[in-house]
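Worksheet: one structure, shown below.
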Amino acid sequence: QPVVCCALFTLTINKIPMKATLSFTNRKEAQKFATLWSRRSLMGYVLGNTENGASVDVYSITPALKDWIDEYVKEEN
């Protein structure tokens, strides 16, 4: 079973996503991503519980950070 369901990029400005929501099967995996995100981006996040696990919202995504998120999802699945 995939650890990360998907990364949903929303709120784009000039075709650059400014927000992403990642869905995880459990809170431990969500916390792992959130920690890596904050170290990589030097920005915060919103971690929340869902019916099927947990989610992480991240903001102010640069093209390089979008690529990193895409690669993270690919590697974890």
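Keep in mind that the numbers below use all heavy atoms, side chains included, and drop hydrogens, waters and symmetry copies.
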Nearest 0.5 Å, please: how far is [atom2] in [Y] from [atom1] in [X]?
X   : Y   : atom1 : atom2 : answer
T50 : F24 : OG1   : CZ    : 10.5 Å
S41 : I69 : OG    : CD1   : 8.5 Å
S55 : N49 : OG    : CG    : 8.0 Å

Task: Trace of the side-chain contact (heavy atoms from CB on, under 4.5 Å) decision for L22 with F33 - done: CA-CA 9 Å; L22 289 86; F33 170 81; 3.9 Å; yes

Which pair of non-hydrogen atoms, one from [X] and one from [Y], has the smallest distance, and what is that distance?
X   : Y   : result
M43 : L65 : CE-CD1, 3.9 Å
K19 : I61 : C-CD1, 3.6 Å
Y72 : E29 : OH-O, 4.3 Å
R27 : A54 : CA-CB, 3.7 Å

TODO: Only counting residues at least two apart or in another chain, list the ones meeting side-chain hydrogen bond (donor to acceptor under 3.5 Å, both in side chains) with T35.
DONE: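 Residues passing side-chain hydrogen bond (donor to acceptor under 3.5 Å, both in side chains) with T35: Q31.
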
Open item on the list: The criterion is side-chain contact (heavy atoms from CB on, under 4.5 Å); which residues satisfy it with E75, sequence neighbours excluded?
Closed with: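 For E75 the side-chain contact (heavy atoms from CB on, under 4.5 Å) partners, ignoring immediate neighbours, are E71.
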
Task: Pair D70 + K74: basic N to acidic O under 4.0 Å - done: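 Between K74 and D70 there is no salt bridge, as every charged N stays at least 4.0 Å from the carboxylate O atoms.
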
